[in-house]
Amino acid sequence: MTVLHGDSVTLRPTVRGDVPALAAIRATPEVRARWRGGDDLEADVEADLRDEGTRCLTVEHDRRIIGMIQWYAEEEPDYRHAGIDLFLDPAVHGRGLGTDAVRTLARHLVDAHGHHRLVIDPAADNAAAIRCYTKAGFRPVGIMRRYERGPDGSWHDGLLMDLLADEVTR
C-alpha cells in the first residue's frame, strides 16, 4: 500500500518499529478506555499487525506518530464494503486530525479499492468520535444495542455510521 497524504496527516503502513509508540498511545487512559488491551499493549498492537483481515496504517502529523487507523473489507459481492477504526493520542484531540485521517482513508478506499460504502462503529456514548466521523461525512444508521462488552463486563451500545462513495469529501 502506498503512503496517503491528507491535509495535515500522513497515513503509512504500520511497521514493527512503530509498535512502542502506538502501545504508549494505547496506554493513555482515554484510549485504553475505548480500545482496552491486556497487560502487554505492545503484544496487542503486534497482534493487530498480524491480523490478515485488517490493514493497519500509522497516522503521523509533523513527522510524529500520533495514532493508528485500521480498515477491513467485507468481500462478499452482495455485501461488499469496508470498515474503519481509529485511535489518536489524546494530546492531539480536537485539532481535526482524526477527521483528516478518516477522510483521507475514505477517499483511498473509494478511489483505489472501489468501495461504494464505508462503515464505522463508535461506542454510542463516545461523543467526540461521533463528532469526528460526522465531520468526515459519516451519517448515523442506528444504535446497535448491547454491541460491545466493557471492561466491567457489562454490555454497551454502539452507533453504526456509514458513508457512501458519492458522499466522500474531496
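Treat the numbers as computed from the prediction; the structure is a model and nothing was measured.
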So the ring-ring contact (aromatic ring centres under 6.0 Å, His included) pairs with at least one residue in residues 116-138 (sequence neighbours excluded) are none
Residue pairs meeting ring-ring contact (aromatic ring centres under 6.0 Å, His included), one or both in residues 19-65, sequence neighbours left out, come to Trp35-Phe87
* To do: Give a yes or no on whether the ring-centroid distance for His108 and His113 is below 6.0 angstrom.
  => yes
A side-chain contact here means heavy atoms from C-beta on lying under 4.5 Å apart; do Met161 and Leu163 qualify? no
The reported gap from CZ in Arg32 to CG in Leu41 (rounded to nearest 0.5 angstrom) is 4.5 Å
Please say yes or no: joined through hydrophobic side-chain contacts below 4.5 Å, possibly via intermediate residues, are Tyr72 and Leu160 part of one cluster? yes
Following the transitive rule for hydrophobic clusters with a side-chain heavy-atom cut-off under 4.5 Å over Ile, Leu, Val, Met, Phe, Trp and Tyr, establish whether Val102 and Val92 coincide in one cluster. yes
Using modelled atom types and a 3.5 Å cut-off, is there a donor and acceptor pairing between side-chain atoms of Arg107 and backbone atoms of Thr169?
yes
*asked:* Looking at Asp85 and Arg34, is any side-chain nitrogen of the basic one under 4.0 Å from a carboxylate oxygen of the acidic one?
replied: no
**Asked** Heavy-atom count around Asp152 CG within 6.0 Å, excluding the residue itself: above 12?
**Response** yes
Practice prompt. Please answer whether the main-chain N or O of Ala91 pairs with a side-chain N or O of Asp89 as donor and acceptor at a distance below 3.5 Å.
Written response: yes
- Run the salt bridge (Lys or Arg N to Asp or Glu O under 4.0 Å) check on Glu75 and Arg80 step by step: do they pass? CA-CA 5 Å; Glu75 295 295 352; Arg80 189 169 188 275; 2.9 Å; yes
Just distance, no hydrogens or angles: give the donor-acceptor pairs under 3.5 Å from side chains in residues 6-24, sequence neighbours left out.
| residue | atom | partner | partner atom | Å |
| --- | --- | --- | --- | --- |
| Arg12 | NE | Glu60 | OE2 | 2.9 |
| Arg12 | NH1 | Asp18 | OD2 | 2.7 |
| Arg12 | NH2 | Asp18 | OD1 | 2.8 |
| Arg12 | NH2 | Asp18 | OD2 | 3.3 |
| Arg12 | NH2 | Glu60 | OE2 | 3.1 |
| Thr14 | OG1 | Cys56 | O | 3.3 |
| Thr14 | OG1 | Leu57 | N | 3.4 |
| Thr14 | OG1 | Thr58 | N | 3.0 |
| Thr14 | OG1 | Thr58 | OG1 | 2.9 |
| Arg16 | NE | Glu46 | OE2 | 2.9 |
| Arg16 | NH1 | Glu46 | OE2 | 3.2 |
| Arg16 | NH2 | Glu46 | OE2 | 2.8 |
| Asp18 | OD2 | Val15 | N | 3.0 |
| Asp18 | OD2 | Thr58 | OG1 | 2.8 |

